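Working notes for the structure below.
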Amino acid sequence: MDEVLKNLASTVELLAVSARSDVVKQWDSLTLSRAFGWARYCEHLFLRFHSNTAIRRVLEKQLRVTNQNLEAVFPEYKDLSFPDLALCRHLLLVGLLSNPELPVSTMKILFDCKKQTNTPDQDVSGLCSRLIQCKSASKVLSPLTDSSPLGADAEVQASMLLQRLDALLSPDSRAGQAERFLDSVLRECEGASGHFSLVIAAALLTTTDSRTASHEFLLDWLQRKPSVLHNMCSALPTALLRDLAKEQPNFRTPYYNVLKNWASTMEYDLDEGEWVQSGGDQTVSFLRLTEHFLALFEASPSLREELNTLKISDGDFDVRGLSVWGDLLAALSK
């Protein structure tokens with residue numbers, strides 16, 4: 001039992017250090033894997049002894065002693081209770097993400113867009129995929145509904161993304177850290193742009209009062225990354241983009257500008273009797289473009305007037321094939 005109590009105390013100390021110390025700068029993949037292994041060990045203690053009154057009392061006594069010791073070291077430390085042990089890996093993950101000193105190299109291990117399948121326990125890559133198997137952890141991490149079309153992986157990674165942005169945008173953080181973090185995640189997700197788009201969408205749809213700064217930063221970053229915004233609008237379902245435009249008013253204009261750019265590159269194919277993108281670019285069809293505008297106008301009806309202004313500036317033609325704006329308005333009115 002002495003060994004169990006020692007391991008419990010060490011793991012609780014590990015959780016405190018992961019969230020509050022710059023020692024995480026020295027953690028490599030092996031250290032990270034061992035940390036989550038010890039967190040899983042504490043989850044096992046909870047499952048095994050939560051109904052054993054005598055042993056639970058001994059474990060709770062050790063927790064009180066360890067909490068008191070940690071309070072003396074970390075002024076803002078919050079006591080860990082016995083029921084908290086059931087979510088030890090989740091607490092470790094959130095602690096790491098909330099620590100501004102966590103290096104980008106560690107974030108690359110935690111936030112892996114390319115690896116969405118379960119991996120061996122000693123390999124931390126794809127950690128999200130394993131954590132979401134624990135329903136209680138998933139519910140704490142992800143505020144979105146079970147019926148969300150985004151998928152559990154994207155939801156949990158979105159919560160990770162926001163946790164990290166919250167930490168990096170805090171007053172104590174150094175300027176530019178949040179920008180470098182997002183750029184790093186983008187590089188890591190090369191070749192998995194569709195999934196990354198889902199993660200960004202899930203993050204922007206996570207609506208809590210404390211997330212305003214992170215949302216604003218994320219939206220500003222998107223506007224500085226036109227290729228990412230273009231991929232989002234190409235990859236995501238129009239219904240999801242509509243929800244984004246409804247939930248985030250600052251997303252509407254960038255979304256509209258992408259659609260306007262797509263439309264402006266179209267030319268009328270006399271043989272096909274249809275508008276197609278010039279230069280062989282098949283990013284979006286005229287039908288798909290119409291669906292996008294319908295989704296956007298449902299979220300922001302006032303933008304329809306801007307489309308009418310474009311039609312007027314293009315000659316205000318009502319004859320099919322002369323103005324893409326006129327034909328779009330005609331299609332939208334059907």
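Along the sequence shown, residues are numbered consecutively beginning with 1. Values below: every heavy atom of this structure, side chains too, minus hydrogens, waters and symmetry copies. Please read all numbers here as calculations on a predicted model, not as lab measurements.
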SB check [X] [Y] (cutoff 4.0 Å):
| X | Y | result |
| --- | --- | --- |
| R242 | E291 | no |
| K6 | E3 | no |
| E298 | K246 | yes |
| K260 | E306 | no |

* Which residue pairs pass the ring-ring contact (aromatic ring centres under 6.0 Å, His included) test when at least one of the two sits in residues 69-89, sequence neighbours left out? ->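 Residue pairs passing ring-ring contact (aromatic ring centres under 6.0 Å, His included), neighbours aside: F46-F82.
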Report yes or no: do [X] and [Y] form a side-chain donor-acceptor pair below 3.5 Å?
| X | Y | result |
| --- | --- | --- |
| E216 | T212 | no |
| D183 | W221 | yes |
| W275 | D327 | yes |
| N7 | S10 | no |
| S234 | N231 | no |

* **Side-chain donor/acceptor of H50 to backbone N/O of L47, under 3.5 Å** =>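 Yes.
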* Asked: Under the 3.5 angstrom rule, does the side chain of D84 hit a backbone N or O of S81 as a donor-acceptor pair?
  -> yes
* Test applied, side-chain contact (heavy atoms from CB on, under 4.5 Å); reference residue, M232; option that passes from L244, L198, V258 -> L244
* **Listed partners of F49 passing ring-ring contact (aromatic ring centres under 6.0 Å, His included), at least two apart** => none
